[in-house]
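For clarity, every value in this text was computed on a predicted model and none was experimentally measured.
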Amino acid sequence: MKADIFSTAEPFPPDQSLCRDASAWIKKGGARSLKAGGLWIYDNEIDHTEGVFEDGDILAVRDFDGYFLGWGFINRASRICIRMMSRREEHVITPAFLKQRVRDAWEYRKKVIDTSSCRVIFGEADFLPGLTVDKYEDVLVVESLALGIDRLKPLILHALTDILAQDGIRIRGIYERSDAKVREKEGLRRYKGFIGEPFDTKVQITENGVRYVVDVENGQKTGFFLDQKENRRAAARLCPGARVLDCFTHTGSFGLNAALAGAAEVTSVDASELAIKQAGENARLNGFVPGECSGKWLVNAGGTRLQYLCADIFDLLPELHKKGEQYDVVILDPPAFTKSRNSIKAAVRGYREINQRGLRLVRDGGFLATCSCSHFMDPELFRDTIAQAARDAHKRLRQIEFRTQAPDHPILWASEESYYLKFYVFQVIDEK
């Protein structure tokens with residue numbers, strides 16, 4: 001990596017204030033979420049502003065009576081008008097302040113998770129709102145969703161690469177995946193591309209002892225779903241000797257964890273031909289080769305059989321049920337069925353249907369692992385939806401575990417946007 005890759009970050013002295021001499025004043029009774037511990041202030045909560053500033057700048061936030069509430073960056077083009085960076089007046093935002101935030105985020109990961117590949121910065125939960133940085137071995141993938149953090153991005157990345165270097169980790173390349181549609185709500189164009197010199201965007205990682213090739217340029221999100229790391233391990237514990245159905249496999253992660261845990265047979269399914277192709281490549285990377293008796297099965301040295309099907313899960317599961325197929329473990333890891341509150345009713349129908357169909361394929365005493373990654377599908381609603389699916393399928397559920405996202409995706413209380421993944425493991429009992 002060239003030394004001048006973050007040249008835009010270099011001119012700022014460490015203690016130079018990045019804040020404007022300007023203020024945003026909150027309406028009386030406004031900013032209730034902020035006062036409860038959140039980081040967002042909405043446009044309808046602001047009474048007026050004072051001073052000279054541009055959208056994206058950091059300014060002081062004051063209550064209606066002048067009480068100082070913190071420092072945050074403003075964007076009047078967004079409904080989320082201000083995102084808070086600091087609560088204390090003496091904690092002015094400087095390059096040194098940002099570097100300490102990044103250091104805190106990294107030190108936390110070192111304590112809670114395997115950092116070979118992990119989420120290093122998780123936006124609001126790391127008090128760097130709107131910014132995500134994932135580390136895949138020696139490559140970083142960045143997603144910026146807010147105007148203010150977009151301006152601070154060079155400083156933050158400069159700080160992060162320096163902090164990692166202090167631990168002997170040399171980052172060979174950075175790729176930006178700021179191509180989410182939500183950027184348009186900030187008045188930002190969608191963008192993806194290299195930050196600095198180009199590099200091979202197919203990165204090999206190892207997670208839970210399973211090897212994958214992550215396509216950071218064209219894969220979903222930043223290339224891989226790191227948030228399910230611990231949940232994949234939890235599901236795999238149920239799989240030795242089992243017949244497993246892995247639905248919405250994407251690049252094969254749950255199925256490969258099950259297979260390497262000693263499952264007898266794993267069928268992994270996804271509607272995307274590209275995902276199935278990538279999953280097959282990952283299987284071969286983990287020692288699976290075509291079996292001698294049937295071309296559709298891959299086999300490893302331990303005798304586990306693994307196959308990949310490209311099919312619509314909603315169509316396939318009823319077909320399997322009609323054929324009388326039964327599995328010891330069924331894993332449901334669907335995409336988010338809703339990304340807004342407006343479509344929550346349709347999402348509930350989707351989750352109920354997929355869980356009902358999945359439950360019918362679990363043998364008596366077998367296991368179901370099921371999840372929702374939609375923030376708008378709150379825990380209570382997801383629980384109730386699964387309960388209805390079980391009633392419709394005439395199954396009884398014995399809960400083994402309820403889990404959330406991996407600890408490198410921490411849930412910041414009072415910042416509900418940081419809590420999105422709900423993951424259940426059940427034993428499934430036939431009605432008797």
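In this structure, CG in N75 is found 5.0 Å from CG in L147, a value given to the nearest 0.5 Å. Atom CD of E353 is separated from atom CG of L317 by 9.0 Å, given to the nearest 0.5 angstrom.
Taking 4.0 Å as the cut-off between side-chain N and carboxylate O, E176 and K192 do not count as a salt-bridged pair. In this structure, R76 pairs ionically with D55, as a charged nitrogen and a carboxylate oxygen lie closer than 4.0 Å. Ion pair R284/E281 not flagged as a salt bridge, since none of the NZ, NE, NH1 or NH2 atoms sits closer than 4.0 Å to an Asp/Glu carboxylate oxygen. A salt bridge links R83 to E186: at least one charged side-chain nitrogen sits closer than 4.0 Å to a carboxylate oxygen. D104 and R101 are not joined by a salt bridge, as no carboxylate oxygen comes within less than 4.0 angstrom of a charged side-chain nitrogen.
Contact of the I121 side chain with the F127 side chain is not registered, since no non-hydrogen atoms from C-beta on lie closer than 4.5 Å. A heavy-atom distance below 4.5 Å is found between the side chains of L18 and L152. T132 has its side chain within reach of R119: a pair of non-hydrogen atoms, C-beta onward, lies under 4.5 Å apart. Side chains of I174 and T161 form a contact here, defined as non-hydrogen atoms less than 4.5 Å apart. Residues Y212 and Q278 form no side-chain contact, since every pair of their non-hydrogen atoms from C-beta on lies 4.5 Å or further apart. Taking 4.5 Å as the limit, every side-chain heavy atom of T249 sits out of range of all side-chain heavy atoms of L256. Counting only heavy atoms from C-beta outward, the side chains of L298 and P290 approach each other to under 4.5 Å. Between V330 and V428, the closest side-chain pair of non-hydrogen atoms is not below 4.5 Å.
Annotation for D315 and P318: closest pair O-CD, 3.3 Å, computed over non-hydrogen atoms. A pairwise comparison of heavy atoms in E89 and W71 identifies O-NE1, 3.2 Å as the closest pair. Shortest non-hydrogen contact noted between V244 and A263 is CG2-CB, 4.0 Å.
For an aromatic pair to be called close, the ring centres must be under 6.0 Å apart, and H375 with Y419 fails this.
For the pair D167 (side chain) and I169 (backbone), a donor-acceptor distance under 3.5 Å is absent. Without hydrogens or angle criteria, Q405 side chain to H409 main chain gives a donor-acceptor distance under 3.5 Å.
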R190/D179 under salt bridge (Lys or Arg N to Asp or Glu O under 4.0 Å): CA gap, chis, key distance, verdict: CA-CA 4 Å; R190 298 162 75 176; D179 50 350; over 6 Å; no
message: E143 vs R183, test: salt bridge (Lys or Arg N to Asp or Glu O under 4.0 Å). Steps then yes/no.
response: CA-CA 10 Å; E143 181 184 51; R183 272 175 66 92; over 6 Å; no
- request: Determine, step by step, whether I74 and C81 satisfy the side chain to side chain contact (heavy atoms under 4.5 Å, CB included) criterion, reporting the C-alpha distance in whole Å, the side-chain angles of both residues, the deciding distance to 0.1 Å, and the verdict.
  value: CA-CA 6 Å; I74 190 168; C81 192; 3.8 Å; yes
query: Would F426 and F367 count as a ring pair (Phe, Tyr, Trp, His ring centres under 6.0 Å) if you check the C-alpha gap in whole Å, the side-chain angles of each, and the deciding distance to 0.1 Å?
result: CA-CA 6 Å; F426 297 106; F367 300 94; over 10 Å; no
K135/D408 under salt bridge (Lys or Arg N to Asp or Glu O under 4.0 Å): CA gap, chis, key distance, verdict: CA-CA 11 Å; K135 173 183 175 291; D408 54 339; over 6 Å; no
field: Worked check of salt bridge (Lys or Arg N to Asp or Glu O under 4.0 Å) between E137 and R172
entry: CA-CA 10 Å; E137 296 292 345; R172 68 178 172 89; over 6 Å; no
- prompt: Are F402 and F423 close enough, and set up right, to give a ring pair (Phe, Tyr, Trp, His ring centres under 6.0 Å), and what steps lead you there?
  reply: CA-CA 6 Å; F402 174 72; F423 186 93; 9.0 Å; no
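Note on ring orientation: taking the six-membered ring where Trp is involved, the planes of Y42 and W40 are perpendicular (angle over 60°, cut-offs 30° and 60°). Note on ring orientation: taking the six-membered ring where Trp is involved, the planes of F248 and F337 are perpendicular (angle over 60°, cut-offs 30° and 60°). Relative orientation of the F199 and F194 rings is perpendicular, given thresholds of 30° and 60° on the angle between their planes.
The only member of V329, I400, N355, L238 that meets side-chain contact (heavy atoms from CB on, under 4.5 Å) when paired with L368 is N355.
In this view, E325 and R243 satisfy the salt bridge (Lys or Arg N to Asp or Glu O under 4.0 Å) rule, not counting sequence neighbours. Among residues two or more places apart in sequence or in another chain, the side-chain hydrogen bond (donor to acceptor under 3.5 Å, both in side chains) test is passed with E416 by none. D200 is linked by a salt bridge (Lys or Arg N to Asp or Glu O under 4.0 Å) to nothing, counting only residues two or more places apart in sequence or in another chain.
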Review item, side-chain donor-acceptor pairs of residues 90-99, under 3.5 Å, at least two apart:
{"from": "E90", "atom 1": "OE2", "to": "R88", "atom 2": "NE", "distance (Å)": "2.8"}
{"from": "E90", "atom 1": "OE2", "to": "R88", "atom 2": "NH2", "distance (Å)": "2.7"}
{"from": "T94", "atom 1": "OG1", "to": "P14", "atom 2": "O", "distance (Å)": "3.4"}
{"from": "T94", "atom 1": "OG1", "to": "A96", "atom 2": "N", "distance (Å)": "3.4"}
{"from": "T94", "atom 1": "OG1", "to": "F97", "atom 2": "N", "distance (Å)": "3.0"}
{"from": "K99", "atom 1": "NZ", "to": "D162", "atom 2": "OD2", "distance (Å)": "2.5"}

Side-chain atoms of residues 381-389: list all donor-acceptor pairs with protein atoms under 3.5 Å, sequence neighbours left out, distances to 0.1 Å.
{"from": "T385", "atom 1": "OG1", "to": "L381", "atom 2": "O", "distance (Å)": "2.7"}
{"from": "Q388", "atom 1": "OE1", "to": "R391", "atom 2": "NH2", "distance (Å)": "2.9"}
{"from": "Q388", "atom 1": "NE2", "to": "D392", "atom 2": "OD1", "distance (Å)": "2.9"}

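Legend: side chain to side chain donor-acceptor pair (under 3.5 Å) pairs involving residues 27-36, not counting sequence neighbours, sorted by first then second residue: K35-D63.
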